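All chains are named by letter (A, B, ...) in the order of the sequence lines, taking the proteins before the strands, and each is independently numbered beginning at 1. All values below come from the heavy atoms of this structure, side chains included, with hydrogens, waters and symmetry mates left out. What you see is a predicted model; the values in this text were computed from it and never measured.
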Amino acid sequence: MYLIFLGVATIMAGTFVLAFMASLKVDPLEKPFRIYFDQLNPAAWIAAARLGQEGGGDALWGGFSPGAKVDFSVTYAAPADTPIVEPKAEVPRRRPGSGIAAALMRDYAADYASIALKSSSAATMQVRNERGVREEWQTRTFAYEITYSTDRPNGPRIERTPFNLTAPPSQTLIDSPISPSRSERRGRLLSWDNITPGALGLIFNNYRRVINETADLQTGKSLFGSWLVNSFVIAIGRLVLTLVVASLAGYALARLKFRGSRLLFAALLFSMTIPAQVTFVSNYLIFRDLSLLNTPWSVIVVFVASANVLLMKQFFEGFPREIEEAAIVDGANRFQVFCKIVLPNAKPALLVNAILAFQGAWNDFFWPLVLITSPPEALTVQVGLLSLRRSFGGAQGDWGVVLAGAFISIVPVIILFVLFQRHIVSTQAAKGIT
Amino acid sequence: MSRGSSEERSGWLFILPFAISMTLFFVYAIVRTAYYSFTDFDLFKAPSLVGLSNYAALVSDELFLIALRNTIGFSLIVTTVQTVLALALAVLVNHAVRARGLIRTVFYLPSIMSSAAMTLIFLWLFQRDGFMTAIINVVLAYRPHILLFFVGFAALQGALVLNARRSYEGVSIFDPFFLLAAAAGALALVVACALVGLLPVFANDLLISWLNTQQQFLFMPVTLWSVALMNVFTTVPTLMLLFLAGLQSIPSDLYDAAEIDGANAVQRFRHITVPALRPVTFAVVTMGIIGTLQMFDQVAILGDAAPLASRVTLAYYVYENAFPAGASSRIGMASAAALVLGILTIAVVYVQKSVGVKESAE
């Protein structure tokens, strides 16, 4: 029985782990799907750190800057009777990806790099052929040195150093500091997107690309960054407003008798069942007439905090009445009672509501989609993911960037969850019972 | 001034912010939607009344009918499957596990993630040459192995249980120790046969269109089945924990008494578990219906990755009519469809509620 529980948990967690691993890969759609690749291989991290240090003086994020001297040695193998020829090496003029930022790229490593073959050495190795018989194969190691042109001491720092090797298909690559990103023409052409990645640059290449390649064509500023900021502003705004509205209304519904309270409560329950799509035309028009479209204000304000009010009402109903009545006998008015006595004691409920409001606003997709459509940097991160999918996940199939974006977008909620796990779990349970 | 009227006044002051947002963004919005549904409004020129022609247009709009069918089908499938699955899993693990710590965290994880991020992860899984396709390919390639495993498993288990029953009474067919032994045996059998080369591996290189397809499966497009799979995946663990909480609040004396009276497991489930879980079940089903009828985000994020007719739902139809790509808005149509969606939601929740009340009165 434990097994079933663990099984379900494994399927759940497994999917996320798998997707996260894929978000690190160069090509998440690679076939067959490998679980073992450079980004998960500590030996490759060390090599990448060395290459990054040599290339850009930065073992973490790499690069290619003046003074660089990068040692990159590759080993080919071939059957004993086939000669191993020296591969043709070049630093190609290649854009980093398919995004808008590729159009903004000005400097190419190709214009500053020169390649020299420093040495080559031969050796032999044992290989089992298809019939399982041991065969003697010859191997050759070529050590290249890629240097930044010495006559350009003030040249720009370039983020990536692409690298190509062309060799006959009869010889196969058996060793290189980091694996090639692509292999074309039956292994004849091997290409590396970046031979100076640095350790983090190797592992989190897709994450760096999300930030760098979703840039605004005019300003060159990262769009993903401003989407994150927008989402934060909206979530915090919604949180504050929710707390004020929900605690006031929850208290009124729980404690005070006034005409119309039953009607409002009925409307509250009713509003929890009606989809936002039913009411959105009118709300859209309200903000259009106030010219608040495409501002964070519209998304912050447009909500009916029914679930939050309900939670607060339930909390206040369980709150002992006697303390309040004593204060009222002492001459305090309702508002003073509320501020001085009730609110300070309502911290747990307020916390739960704050978490709920933040999470709801951060994850909200529909209202930002309707109310904020332009300019590109005004979107929230959830709607931004949609445009990320459109520009990378379509025909290009550049899913690494899309998945990386999705994982960045869930980080705040995950942090919230880790910090307040107990409260969130009890809230979810309460949501179910009410 | 009397106590009552002062309370009346402060009550209204306290509730004012909520009342304003409720009136403006909900009540007024619904009334205005109802009004627009009788007009030919397009966001720019002043609306003029056109009577019921929007509704007539809806009924003759094929896309609307598809959206209606998709929505109802999707809601039915997902609500049923997720409730049944969650209940079944909860009952299965109830005795062994008090959900705690890491496992519980893992189970709540999908429910706190945004639908946008979840959808993207699933879009990746469901690519034509993606992971799901790869799994299907592996299963197809090794189908003799899998078949042999299950046949061997059933045979071994049967043999073990029959053998045990000869010596002593009351060995269950699902005796967990025998299950493990049979599984290990069947696995060994498969490995042995594969090593000797008795089992052929079928080579195949399928590309399955999970999303970008016009195909129908039963009464729903394949695309929506894929979305349904994802929805079930994200909701079942959380719902299962809700059921577990409900199960753990049932006093165990009830079961003990029933067992002494000679009730078997099925009877105990029907007459104790199901009635005791009724409030939780009601909440789960209601939440499921409301959630699935509003399904919008996944469809919107799918976007041009799937043909419109294969993914359109009522909620998306409303949005698509209000902001059509490359055409002027049809607010009238959108509002009429929105009202249909709203009424459908209320009707389904109401029916569910009245059925639920009747059951609990038994």
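Only the side chain of Ser409(A) comes within contact range of chain B, with at least one heavy atom under 4.5 Å from a heavy atom of that chain. Contact annotation for Phe270(A): both backbone and side-chain heavy atoms come within less than 4.5 Å of a heavy atom of chain B. When heavy atoms are compared at a cutoff of 4.5 Å, Leu16(B) does not approach chain A at all. Heavy atoms closer than 4.5 Å to chain A are found in both the backbone and the side chain of Ser10(B). Looking at Val309(A), only its side chain comes within 4.5 Å of chain B, counting heavy atoms on both sides. Residue Ala337(B): no heavy atom, backbone or side chain, is found under 4.5 Å from chain A. Contacts between Arg288(A) and chain B at a heavy-atom distance below 4.5 Å involve the side chain alone, from C-beta outward. Residue Leu89(B) touches chain A through its side chain alone, counting heavy-atom pairs closer than 4.5 Å. Residue Phe107(B) touches chain A through its side chain alone, counting heavy-atom pairs closer than 4.5 Å. For Ile11(A), the parts sitting under 4.5 Å from any heavy atom of chain B are the backbone and the side chain alike. Contacts between Val244(A) and chain B at a heavy-atom distance below 4.5 Å are absent for every atom of the residue. Looking at Leu18(A), both its backbone and its side chain come within 4.5 Å of chain B, counting heavy atoms on both sides. With a threshold of 4.5 angstrom between heavy atoms, Ala134(B) does not approach chain A through any atom at all. Proximity to chain B is limited to the side chain of Phe287(A), based on heavy atoms less than 4.5 angstrom apart. Looking at Val278(A), both its backbone and its side chain come within 4.5 Å of chain B, counting heavy atoms on both sides. Residue contact with chain B, scored on non-hydrogen atoms closer than 4.5 Å, involves the backbone and the side chain of Phe335(A) alike. Ile274(A) touches chain B through backbone and side chain together, each having a heavy atom under 4.5 Å away. When heavy atoms are compared at a cutoff of 4.5 Å, Leu385(A) approaches chain B by way of both its backbone and its side chain. Both the backbone and the side chain of Pro110(B) come within less than 4.5 Å of a heavy atom in chain A.
In this structure, Phe338(A) has its ring center closer than 6.0 angstrom to the ring center of Phe14(B). Taking the six-membered ring for Trp and the full ring otherwise, the centers of Phe233(B) and Phe122(B) sit less than 6.0 Å from each other. Ring centers of Tyr319(B) and Phe323(B): under 6.0 Å apart, within the cut-off. Between Phe41(B) and Tyr35(B), the ring centre distance reaches or exceeds 6.0 Å.
Inspection of the Ser306(A) and Ser271(A) side chains reveals an N or O donor paired with an N or O acceptor under 3.5 Å. Using modelled atom types and a 3.5 Å distance limit, the side chains of Ser37(B) and Ser335(B) yield no donor-acceptor pair.
Ring planes of Tyr251(A) and Phe316(A): perpendicular class, angle over 60° (limits at 30 and 60°).
For Thr235(B), the side-chain hydrogen bond (donor to acceptor under 3.5 Å, both in side chains) partners two or more places apart in sequence, or in a different chain, are Gln82(B).
Taking the side chain as every heavy atom from C-beta outward, Leu285(A) and Leu43(B) approach each other to under 4.5 Å. Looking at Trp227(A) and Pro368(A), their side chains never come closer than 4.5 Å, going by heavy atoms from C-beta outward. Under the 4.5 Å side-chain criterion, counting only non-hydrogen atoms from C-beta, Trp367(A) is not in contact with Ile372(A).
For residues 360-369 of chain A, the salt bridge (Lys or Arg N to Asp or Glu O under 4.0 Å) pairs, not counting sequence neighbours, are Arg238(A)-Asp364(A).
Comparing Leu253(A), Asn333(A), Ile286(A) by heavy-atom pairs within less than 4.5 Å of chain B, the highest count is held by Ile286(A).
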